[in-house]
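Notes follow the structure.
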Amino acid sequence: MRLDRFLSESTELTRSLAKKAMHRGEVSVDGEVIKNPATQVDETRRVTWNGQPLALVGLRYVMLHKPGGVECTARRTLYPRAIDLIELPMLERLQTVGRLDVDTTGLVLLTDDGQWSHRVTSPKRRCGKVYRVTLADPLEDSALDDAIARFAEGLLLDGEEKPTRPAELAMREPTVAELTLFEGKYHQVKRMFAAIGHHVVALHRESIGPLSLGELAEGEWRELSEEEVAAF
Ligand code: URA
């Protein structure tokens, strides 16, 4: 790999800032100052920037049990960001795989692998996301069959041109539903229940495809295993 790319993949420097740092004589390979950005290096070489040894970070895959009051965004806002709960180097590279609303709790995946993220979120892959939905009022048995059918057929939500993809609804308690979606539109769960006259008071994502939170407590995170990454 070229030395400027090695720097940009192991530090916050962009390729052009990496070249400038090299030009200033700040970068060494095996103790020798190198100014040519095209110099080939690999992980067996000791690359330093201002004397600090660098290592390639590689691609990371993380699951987080998101608490309420945390935002799935890269920019800084009033709320803490999901990435602020993770302790890994070069956090700004991690992006959430889809989003949960600030008041929604549950499973969020984060990665710096854009292709993997696309595989998880692409509706074509039919990767089911299971939500536990708490409603303000009970969904009566008399209305349940109609709700199941409407969600299974797809609803045209306000402002959308295409109906929602078929979704699976089941009731766990009169005010607690389990909804499985195979896509991710903005505020989709809340808007789908609003379309059948119900208000969502709490929303929690339990699983994405084969991954669920397991024992992970609210606010905790862990890296995925190779098998879990490969499952998508
Ligand atoms: N649907 C919503 O309405 N909110 C979420 O956070 C996720 C899905």
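Ligands are counted one by one from 1 in listed order, and the atoms in each one are counted from 1 as well.
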*So is R119 actually on top of F232's ring, under 6.0 Å and inside 45° of the axis?*
no
_Membership question, hydrophobic clusters at under 4.5 Å side-chain separation (ILVMFWY): are L155 and L169 in the same one?_
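Yes: a chain of side-chain contacts under 4.5 Å links L169 to L155.
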*Will you find, in the side chains of D42 and T44, an N or O donor that is under 3.5 Å from an N or O acceptor?*
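Distance-only check passes for D42 and T44.
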One pair per line, please: each N/O atom of ligand 1 matched with every protein N/O atom under 3.5 Å away, atom names first, then the distance to 0.1 Å.
unit_1   : atom_1 : unit_2 : atom_2 : d
ligand 1 : 1 (N)  : Q188   : N      : 3.4
ligand 1 : 1 (N)  : V189   : N      : 3.0
ligand 1 : 3 (O)  : H187   : O      : 3.2
ligand 1 : 3 (O)  : Q188   : N      : 3.4
ligand 1 : 3 (O)  : V189   : N      : 3.3
ligand 1 : 3 (O)  : K190   : N      : 3.1
ligand 1 : 4 (N)  : D101   : OD2    : 2.7
ligand 1 : 6 (O)  : D101   : N      : 2.7
ligand 1 : 6 (O)  : D101   : OD2    : 3.4
ligand 1 : 6 (O)  : T104   : OG1    : 2.8

*Report the residues that fulfil side chain to side chain donor-acceptor pair (under 3.5 Å) with D137, sequence neighbours left out, ordered by chain and then residue number.*
none
*Just wondering, are more than 12 heavy atoms of other shown residues or ligands nearer than 6.0 Å to CZ in R172?*
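Buried by this count: over 12 neighbours within 6.0 Å.
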*So which of V120, T96, T121 actually passes side chain to side chain contact (heavy atoms under 4.5 Å, CB included) with L109?*
V120
